[in-house]
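Written below as structure tokens is the structure these notes are about.
In this text, all values refer to a predicted model and were calculated from it rather than measured experimentally.
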Amino acid sequence: QVQLLQSGDRLVQAGDSLTLSCAFSGGTFRDYAVGWFRQASGKEREFVAAVDWTGSSPFYSNSVKGRFAIDRDNAKNMVTLQMNNLEPEDTAMYHCVVARSTYKLRVEVGGDYFGQGTQVTVSS
């Protein structure tokens with residue numbers, strides 16, 4: 001059974017940087033595209049970033065493009081999300097997600113397996 005284990009909750013200030021991590025186990029990591037979603041309180045799930053099994057040509061939402069960077073390490077079965085110049089509007093529960101295609105992640109905002117979530121709170 002595929003499992004995704006994320007790093008712990010974080011509280012930071014506006015303008016800070018933060019890296020979220022997610023460890024994959026129970027399957028073949030290279031079989032999946034991987035991405036990050038977030039959901040703020042009272043709002044719908046939002047696509048943040050995704051990358052295919054090669055790790056090249058990442059996709060980003062317009063709200064994070066130029067500030068966030070997704071990276072996967074197939075040797076370590078890990079994916080990270082580097083978050084720079086954080087804003088209070090980035091406050092949300094962040095989930096790492098795997099799916100058979102980046103299309104499912106970035107267009108359908110869906111996935112096959114989800115991490116447990118990491119609460120990121122950005123204070124102003």
Side-chain angles (χ1 to χ4, degrees):
Q1 179 71 12
V2 170
Q3 291 188 327
L4 298 169
L5 183 61
Q6 298 181 222
S7 48
D9 298 347
R10 298 294 300 271
L11 171 63
V12 297
Q13 294 187 332
D16 284 354
S17 294
L18 176 62
T19 300
L20 304 184
S21 63
C22 176
F24 175 98
S25 64
T28 304
F29 190 42
R30 293 176 189 234
D31 286 348
Y32 295 94
V34 63
W36 293 88
F37 297 158
R38 68 185 181 185
Q39 187 164 16
S41 179
K43 295 188 177 181
E44 293 186 354
R45 180 192 300 165
E46 177 189 9
F47 165 78
V48 174
V51 67
D52 67 13
W53 75 273
T54 67
S56 61
S57 302
F59 298 93
Y60 298 99
S61 68
N62 288 334
S63 60
V64 307
K65 192 176 296 182
R67 298 189 298 123
F68 290 13
I70 185 172
D71 185 51
R72 67 183 292 162
D73 186 333
N74 288 337
K76 296 182 179 179
N77 288 353
M78 292 279 297
V79 59
T80 59
L81 183 68
Q82 174 69 41
M83 307 161 70
N84 299 319
N85 193 22
L86 283 160
E87 304 168 351
E89 293 74 23
D90 295 316
T91 295
M93 179 71 75
Y94 285 74
H95 291 271
C96 66
V97 189
V98 295
R100 294 294 183 173
S101 70
T102 57
Y103 180 89
K104 185 170 185 178
L105 294 171
R106 62 187 177 88
V107 177
E108 299 179 1
V109 197
D112 296 333
Y113 299 97
F114 288 71
Q116 84 278 17
T118 298
Q119 177 65 42
V120 173
T121 303
V122 183
S123 63
S124 57

Can you give me the closest heavy-atom contact between Gln6 and His95, atom names plus distance? OE1-CA, 3.4 Å

Which salt bridge (charged side-chain N to carboxylate O under 4.0 Å, His left out) pairs, counting each pair once, include a residue from residues 7-30, with sequence neighbours left out? none

Side chain to side chain donor-acceptor pair (under 3.5 Å) with Thr80: which residues, sequence neighbours excluded? none

If the plane angle is over 60° it's perpendicular, under 30° parallel, otherwise tilted; pick one for Tyr94 and Phe68. tilted

Among residues at least two apart in sequence or on other chains, which ones pass side chain to side chain donor-acceptor pair (under 3.5 Å) with Asp73? none

Listing request: all disulfide (SG to SG under 2.5 Å) pairs with a residue in residues 37-88, at least two apart in sequence or in separate chains. none

Do Leu4 and Val97 share a hydrophobic cluster, counting only Ile, Leu, Val, Met, Phe, Trp and Tyr and linking them when any side-chain heavy atoms are less than 4.5 Å apart? no

Side chain proximity check, Leu105 to Phe37, heavy atoms < 4.5 angstrom: yes

Could you tell me whether the side chains of Ser123 and Gln13 share a donor-acceptor contact shorter than 3.5 Å? no

For residues Ala99 and Gly110, report the shortest heavy-atom separation together with the two atoms involved. CB-O, 4.3 Å

Is Val120 linked to Phe47 within one hydrophobic cluster, defined over Ile, Leu, Val, Met, Phe, Trp and Tyr using a side-chain heavy-atom separation of less than 4.5 Å? no

Residues pairing under ring-ring contact (aromatic ring centres under 6.0 Å, His included) where one sits in residues 2-27, two or more places apart or in two chains, turn out to be Phe24-Phe29, Phe24-Tyr32

Qualifying disulfide (SG to SG under 2.5 Å) pairs, either residue in residues 22-124, two or more places apart: Cys22-Cys96

Might you work through the side-chain contact (heavy atoms from CB on, under 4.5 Å) test for Val109 and Glu46, ending with a clear yes or no? CA-CA 7 Å; Val109 197; Glu46 177 189 9; over 6 Å; no

Co-membership, hydrophobic cluster, residues Val79 and Val48, 4.5 Å side-chain: yes

Where is the tightest heavy-atom contact between Ala33 and Arg72, given as atom of each residue plus distance? CA-NH1, 4.0 Å

Heavy-atom closest pair, residues Ala92 and Gln119: O-NE2, 3.5 Å

Among residues at least two apart in sequence or on other chains, which ones pass side-chain contact (heavy atoms from CB on, under 4.5 Å) with Val107? Tyr103

Selection residues 107-124 - residue pairs positive for salt bridge (charged side-chain N to carboxylate O under 4.0 Å, His left out), sequence neighbours left out: Lys104-Asp112

The criterion is salt bridge (charged side-chain N to carboxylate O under 4.0 Å, His left out); which residues satisfy it with Asp90, sequence neighbours excluded? Arg38, Arg67

Who passes side-chain contact (heavy atoms from CB on, under 4.5 Å) against Thr54, sequence neighbours left out? Asp52, Ser56

Return yes when atom CD of Gln3 has more than 12 non-hydrogen atoms of other residues, nucleotides or ligands closer than 6.0 Å, and no otherwise. no

If only atom types and distance count, is the side chain of Gln1 paired as donor or acceptor with the main-chain N or O of Gly26 below 3.5 Å? no

For Ser61, enumerate each residue passing the side chain to side chain donor-acceptor pair (under 3.5 Å) test, keeping only those at least two apart in sequence or located in another chain. Ser63

Sequence-distant partners of Ser17, side chain to side chain donor-acceptor pair (under 3.5 Å), two or more places apart: Asn84

Decide whether Leu86 and Ile70 are clustered together by the hydrophobic rule: side chain heavy atoms of Ile, Leu, Val, Met, Phe, Trp, Tyr closer than 4.5 Å, transitively. yes

Just by distance, do the side chain of Ser124 and the backbone of Pro88 share a donor-acceptor pair under 3.5 Å? no

Ser7 side chain to Leu20 main-chain N or O, any donor-acceptor pair under 3.5 Å? no

Would you say the side chain of Val34 lies within less than 4.5 Å of the side chain of Val51, judging by non-hydrogen atoms? yes

State plainly whether one hydrophobic cluster holds both Tyr113 and Met93, where clusters connect Ile, Leu, Val, Met, Phe, Trp and Tyr through side-chain heavy atoms under 4.5 angstrom apart. no

